[in-house]
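Quick note: numbers below take in every heavy atom, side chains included, and nothing from hydrogens, waters or symmetry partners. By convention in this document, chain letters (A, B, ...) are assigned in the order of the sequence lines, proteins followed by strands, and residues within each chain are numbered from 1.
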Number of protein chains: 2
Amino acid sequence: MRNRIKDLRLVYDLTQDELAEKLEVSRQTIISLEKGRYNPSLILAYKISRVFMCRIEDVFIFEEGNENG
Amino acid sequence: MRNRIKDLRLVYDLTQDELAEKLEVSRQTIISLEKGRYNPSLILAYKISRVFMCRIEDVFIFEEGNENG
DNA sequence: ACTTTACGTAAAGTATACTTTACATTATAT
DNA sequence: ATATAATGTAAAGTATACTTTACGTAAAGT
């Protein structure tokens with residue numbers, strides 16, 4: 001599972017800190033997400049999609065043919 | 001956050017056990033999800049949406065005006 | 001009567017999402 | 001030169017998703 005968080009964050013001209021605040025998570029969480037270190041909860045994924053005004057599937061890319069997702 | 005897992009499972013005529021197998025999770029996980037006891041991981045949410053051939057947002061309903069999600 | 005199937009609960013264990021703190025690096029500004 | 005802002009790493013701690021086992025119940029089949 002890949003994601004476009006970093007790209008979208010830059011499009012919206014936000015720092016990691018600012019995005020973390022909007023999402024009510026720590027900056028570490030943003031870093032880990034951007035680096036693809038884990039698989040967020042659905043609620044966090046949803047909040048992210050709302051910040052970027054799009055659908056979950058527009059932020060997170062689940063490539064068929066599975067590396068687990 | 002509500003979800004339509006139980007409804008969709010019945011539409012697809014699956015038992016909890018069968019759905020659990022398809023998703024590669026335990027039956028307990030299905031029960032807990034149907035009962036709304038927790039907030040799944042994004043990957044699990046995605047797999048569920050694939051089983052039911054729809055989008056994540058069609059399975060999980062995030063009512064605006066937040067009880068967290 | 002009894003067995004089987006489907007659903008449910010409870011409780012303890014494991015894996016992992018997410019936090020917190022502390023420190024390093026690079027770029028920009030003064 | 002040094003201060004500040006933004007990004008990154010590492011490691012230990014907490015919360016919670018998910019598993020496993022064991023047991024209870026109600027309905028349907030034989």
Query raised in the report: Applying the side chain to side chain contact (heavy atoms under 4.5 Å, CB included) test to B/Ser32, which of B/Gln28, B/Lys35, B/Glu34 qualifies?
Result: B/Gln28
Query raised in the report: Got a second to check how far B/Ile31's CD1 is from B/Ile5's CD1, nearest 0.5 Å?
Result: 12.5 Å
Report task. Report yes if the side chains of B/Val11 and B/Phe52 come closer than 4.5 Å at any heavy-atom pair, otherwise no. Result -> no
Query - Mate of D/dT25 where both pairing distances stay under 3.5 Å, Watson-Crick or G-U - result: C/dA6
Requested in this report: Provide, to the nearest angstrom, the distance between the CD atom belonging to A/Gln16 and the P atom belonging to D/dT7.
Outcome: 5 Å
Query raised in the report: Hey, does B/Leu33 have a side-chain heavy atom less than 4.5 Å from the side chain of B/Leu44?
Result: yes
Report task. For nucleotides 15-30 of chain D, just jot down a letter per nucleotide in 5' to 3' order: B, S or -, based on protein non-hydrogen atoms under 4.0 Å. Result -> --SSBBB---------
Query - Stepwise side-chain hydrogen bond (donor to acceptor under 3.5 Å, both in side chains) test for A/Ser26 and A/Thr29 - result: CA-CA 5 Å; A/Ser26 69; A/Thr29 294; 3.1 Å; yes
